[in-house]
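Remarks on the structure that follows.
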Amino acid sequence: MTRPGRLRRPAAVSVAAVRIDVLMQTAVEMSNALLDGLNPQQREAVLYRGQALLIVAGAGSGKTSVLTRRIAGLLETREAYPSQILAITFTNKAAAEMRERVRALVGNVAEGMWISTFHSACVRILRREAEQFGYSRNFTIYDSGDSRALLKRIIKDREADVLGFTVSSTANKISKLKNELADVESYARTVNHGDPSDSMFLEIFRDYSRALSSANAFDFDDLIAQTVYLFRAFPHIAAMYQKRFRHILVDEYQDTNHAQYALIRELTKEPAERDPGLISAVDGASLTVVGDSDQSIYAFRGADIRNIVEFERDFTGAKVILLEQNYRSTQNILTAANSVIANNFDRKDKKLWTSVGDGDKIVGYTGYSGHDEAQFVADEIQTLHEKGMAYKDIAVFYRTNSQTRALEEIFIRSALPYRIVGGTKFYERAEIKDVMAYLIAVANPADTLAVRRILNTPKRGIGPATETQLANFAEKNQMSFRDSLRFAGELGLGPKVTRAISELSNLLDEASVLAEPPAEGDAASDGVPEVLGLLISRSGYLDALRRSQDPQDEARAENVEELLSVTKEYQRNNPTGTLIDFLTEVSLVAAADELDDSSGTVSLMTLHTAKGLEYDAVFLTGIEEDLLPHRMSAGEPGGPAEERRLFYVGITRARKRLFLSLAMTRAQYGDVSVAMPSRYLQEIPGELIDWKQSPGMATSRGGTQPRALNARRDGYGGAYSVPGNRGGSSYGSQGGAQNGAQKPKTEWSNRVTGQMRDNGDLVLAAGDRIRHTDFGDGKVLGVTGEGAKRIAEVQFESAGRKRLLIKVAPLEKLDADGNPVSAASTAHDAAEGDQTDPRVDEFEPS
DNA sequence: TAGTGGATAGTTTTT
DNA sequence: CTATCCACTA
């Protein structure tokens with residue numbers, strides 16, 4: 001498909017003429033394919049043409065649809081070439097989805113568009129222009145872990161810890177400054193030099209910036225800020241991009257920070273007149289932003305809600321379109337969401353509505369403990385699944401990552417397939433970071449942090465003393481730390497150490513030869529996997545893991561091999577991708593990017609990660625004071641309001657079913673504390689919630705009438721205290737099990753990730769009687785599955801029917817008299833000792 | 001230099 | 001509770 005010549009630049013005059021002409025055809029051409037099924041507001045959002053457009057898109061109002069059709073429309077009417085479009089999304093996954101949907105609408109024309117996250121777009125620009133400002137294009141990207149490692153060294157070197165500097169506080173402060181586009185010089189001007197703590201921070205900030213630039217590296221925040229600096233310092237470079245991108249679209253605009261805002265401003269500026277061929281000035285690019293201030297949940301990270309609130313004032317003549325009709329959820333869910341968010345003052349009133357009807361009621365549940373709550377979630381999921389809902393359409397959300405423990409444990413026992421999205425990410429594991437450091441040392445030898453990391457990993461007898469000597473040598477001779485390795489012989493070290501250093505240095509050299517991109521015309525190399533393979537085998541890293549006695553190292557070795565297959569997969573998909581390209585991609589993956597829709601598992605994630613996703617059934621867990629309005633948010637201005645938005649985001653992820661759960665007591669840091677229902681629960685109209693067990697019921701176990709939660713705040717205040725045992729710390733230290741008769745549960749083995757209980761040899765058949773630690777006695781109805789995945793379906797006398805993964809469930813087989821068959825035959829007793837003492841069932845009314 | 005054991009400190013959300 | 005740090009010993 002060739003493009004019409006008439007659209008070609010340079011004369012802007014003629015472009016303007018064409019635009020009108022195109023616009024007239026637009027409505028006609030687009031009405032068929034692209035406007036189908038849109039409501040009037042959506043249609044307007046697709047069709048509007050002007051310099052600035054704000055689409056205020058409530059949750060589930062079809063904004064992705066609008067955005068993709070808007071882009072497709074620009075392409076279809078030939079108002080823009082693909083290369084003139086820049087679309088910014090929040091995650092790579094969203095970017096991929098958007099590209100896919102545009103492709104579905106207009107075909108392969110979509111190829112040349114830039115659809116990416118802020119960070120990827122900036123990396124792309126920075127790599128292209130790096131040489132202009134003292135970096136080289138193979139710079140590496142420091143993730144927050146790398147930044148912290150660097151700061152740790154600096155704080156230690158400066159002995160700043162005695163002044164109360166911690167890594168995390170310093171990292172946060174630097175990040176904040178960078179998000180405000182402050183650099184060392186500008187910050188220095190505002191500093192009170194009389195204050196020792198102030199000037200110390202300045203020194204740290206300066207050291208940190210120097211270290212980054214001498215390592216030829218950027219941290220996350222730099223990627224944005226440095227791009228802005230680049231544009232400001234080099235107007236001709238800015239002009240290039242300003243002329244190139246004619247249409248800029250930004251999704252999730254409410255979560256942009258100041259630096260990102262400034263970047264958008266730079267990109268939409270009228271290009272400075274530089275091009276002699278141009279008769280008159282080119283307009284600034286047209287800007288479309290989509291967002292919802294009610295879903296702003298990243299203020300803690302510098303997101304500035306004013307960017308969207310003041311958009312109209314900011315871009316004069318901006319058009320605002322409001323999308324309120326929701327295509328995702330039932331009315332009950334929306335009413336709950338509306339009533340919660342209405343409690344945030346200073347917001348523009350906006351009410352989501354739908355035409356699909358009320359739907360099911362929201363289900364509420366109050367557990368006695370976090371594990372009870374988790375059991376409720378697992379049971380409900382099982383029921384949903386039996387009624388035909390696929391696991392992949394179900395999600396469980398929580399506020400903090402630590403809440404996954406109880407959920408995971410119960411899910412494993414219940415044989416529920418689940419997946420944790422985010423959390424400790426694959427690429428954050430120590431062994432992966434080690435191996436990545438090898439790759440970085442090859443791709444960017446200036447990155448001293450990476451070189452230091454691998455220097456003695458695996459152990460080669462190079463200790464801190466040797467490392468310091470190398471560093472001194474490097475400094476004295478004005479060379480990089482990497483290069484100092486080449487001169488190991490001149491340091492007068494022992495022969496063993498000298499040889500170890502030289503071998504490492506040679507290995508890196510060899511690898512970098514291998515990493516060279518293939519010469520012009522050569523068949524594509526399979527460079528990245530080859531380089532990685534060489535590094536992990538010759539360095540001895542993989543062997544060291546395999547030889548290790550530590551059982552966890554086996555899993556680590558597997559992870560390293562997994563990374564090797566990741567590189568192979570990467571190279572298959574990107575035959576011309578270089579090592580640096582691979583490293584970039586890895587640095588910029590977000591939690592939600594790991595989601596795989598076809599996985600067939602329940603998804604567990606934090607509320608933050610959940611933004612932008614949707615599921616048929618959603619479980620919001622831990623709706624408690626100090627957890628949902630999180631304790632840490634109380635002090636911050638705007639904190640509680642942001643927490644409410646977080647709750648709102650969670651509610652609006654649900655299509656059909658919404659479950660709200662909480663616990664009366666929650667185990668945290670080893671001891672148990674009392675939890676109160678979240679204030680936000682009362683903001684939902686009582687008639688929308690069907691309490692299976694309300695906070696009122698949960699205290700008075702005997703089964704009184706459900707007490708409406710929403711009735712009165714003080715209604716449950718006093719009822720919440722846990723009987724007995726408020727005495728404090730003696731609790732955990734006594735080893736717990738004998739306290740089992742008391743209500744709050746004692747403790748559970750939290751060994752989910754480590755070795756599990758293992759009933760591997762336990763044979764069960766239909767008709768057998770068993771005793772379960774939590775559910776009491778029951779009868780086996782049937783056994784399905786093979787080997788380690790054998791699942792028993794058990795009818796318990798009082799706890800109902802459950803599915804249990806035999807291998808790991810805390811159960812014993814009983815003989816005809818109701819006694820455990822034999823302690824020895826069930827492996828877990830012998831293996832685990834005190835953790836598995838049978839306890840009184842915490843869930844049962846006693 | 002490596003490995004161990006005891007003490008201690010930190011506990012929100014993440015591109 | 002857990003992860004990390006530090007000091008001490010082999």
Side-chain angles (χ1 to χ4, degrees), chain A residues 88-95 116-123 141-145 147-149 152 156 161 166-169 171-172 175 178-179 219-224 252 255-257 259-260 296-303 397-403 405 421-425 428 430 456 458-467 493-494 496-497 500 549-550 587-593 605-612 622 626-636 639 642-643 645-647 649-650 667-672 729 732-733 747-751 753-754:
Chain A
I88 307 272
T89 59
F90 200 65
T91 63
N92 294 302
K93 184 174 181 268
S116 66
T117 61
F118 269 107
H119 296 266
S120 328
C122 287
V123 171
I141 300 164
Y142 278 20
D143 66 19
S144 30
S147 300
R148 298 169 69 96
K152 195 160 138 194
K156 207 167 171 186
D161 42 345
T166 64
V167 172
S168 65
S169 68
N172 283 336
S175 173
K178 289 188 175 184
N179 286 334
D219 67 19
F220 270 138
D221 304 310
D222 281 338
L223 295 177
I224 315 287
E252 308 282 14
D255 286 324
T256 51
N257 61 34
Q260 290 164 333
S296 161
I297 54 173
Y298 283 105
F300 72 93
R301 206 169 69 194
F397 302 153
Y398 37 80
R399 176 68 231 266
T400 67
N401 279 309
S402 62
Q403 290 168 253
R405 297 230 164 109
V421 183
T424 314
K425 279 177 264 165
E428 282 168 9
N456 198 32
K459 301 270 183 285
R460 340 181 138 83
I462 308 175
T466 312
E467 188 182 326
L493 300 159
K496 248 180 79 182
V497 179
Q549 299 299 311
D550 187 340
S587 317
L588 298 178
V589 295
D593 294 337
M605 68 190 85
T606 65
L607 284 163
H608 283 88
T609 306
K611 197 182 70 169
D626 287 352
L627 203 51
L628 193 38
H630 195 275
R631 187 184 296 112
M632 309 289 339
S633 75
E636 287 149 33
E642 175 145 324
E643 298 286 308
R645 289 194 292 268
L646 205 45
F647 188 42
V649 165
Q668 233 179 176
Y669 316 127
D671 54 10
V672 181
S729 58
S733 56
E747 60 194 348
W748 294 70
S749 69
N750 269 335
R751 305 249 165 96
T753 44

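Protein chains get the first letters and strands the later ones, always in sequence-line order, with residue 1 at the start of each.
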Sugar-phosphate, base or nothing in reach of A:K156, heavy atoms under 4.0 Å: sugar-phosphate
Closest-nucleotide ordering on DNA chain B, the 5'-leading residue of A:V497 and A:Q260: A:V497
Under 3.5 Å donor-acceptor pair, A:R399 side-chain atoms to B:dT13 base atoms: yes
Candidate nucleotides B:dT15, B:dT14, B:dT12, ranked by approach to the side chain of A:H119 - the nearest: B:dT15
Listed nucleotide nearest any side-chain atom of A:M632, set C:dT2, B:dT12, B:dA2: B:dT12
Gap separating the CZ atom of A:F397 from the OG1 atom of A:T606, nearest 0.5 angstrom: 9.0 Å
A:I297 CD1 to B:dT15 P, straight-line distance once rounded to whole Å: 11 Å
Touch class at under 4.0 angstrom, heavy-atom based, for A:D255 against every strand present: nothing
Interatomic distance where NZ belongs to A:K178 and P belongs to B:dT14 [whole Å]: 21 Å
Closest listed nucleotide, where the reference is the side chain of A:F300 and the choices are B:dA2, B:dT13, B:dT11: B:dT13
OP1 or OP2 of B:dT1 under 4.0 Å from side-chain N/O of A:T466: yes
Closest-nucleotide 5' rank along DNA chain B - winner of A:D221 and A:S168: A:S168
Under 4.0 angstrom between A:N401 side-chain N/O and B:dT12 OP1 or OP2: no
Pairing partner of C:dA7 (Watson-Crick or G-U wobble, both distances under 3.5 Å): B:dT4
OP1 or OP2 of B:dT11 under 4.0 Å from side-chain N/O of A:T400: no
Any A:T166 side-chain nitrogen or oxygen under 4.0 Å from OP1 or OP2 of B:dG10: no
Donor-acceptor pair under 3.5 Å, A:H608 side chain vs B:dT14 base: no
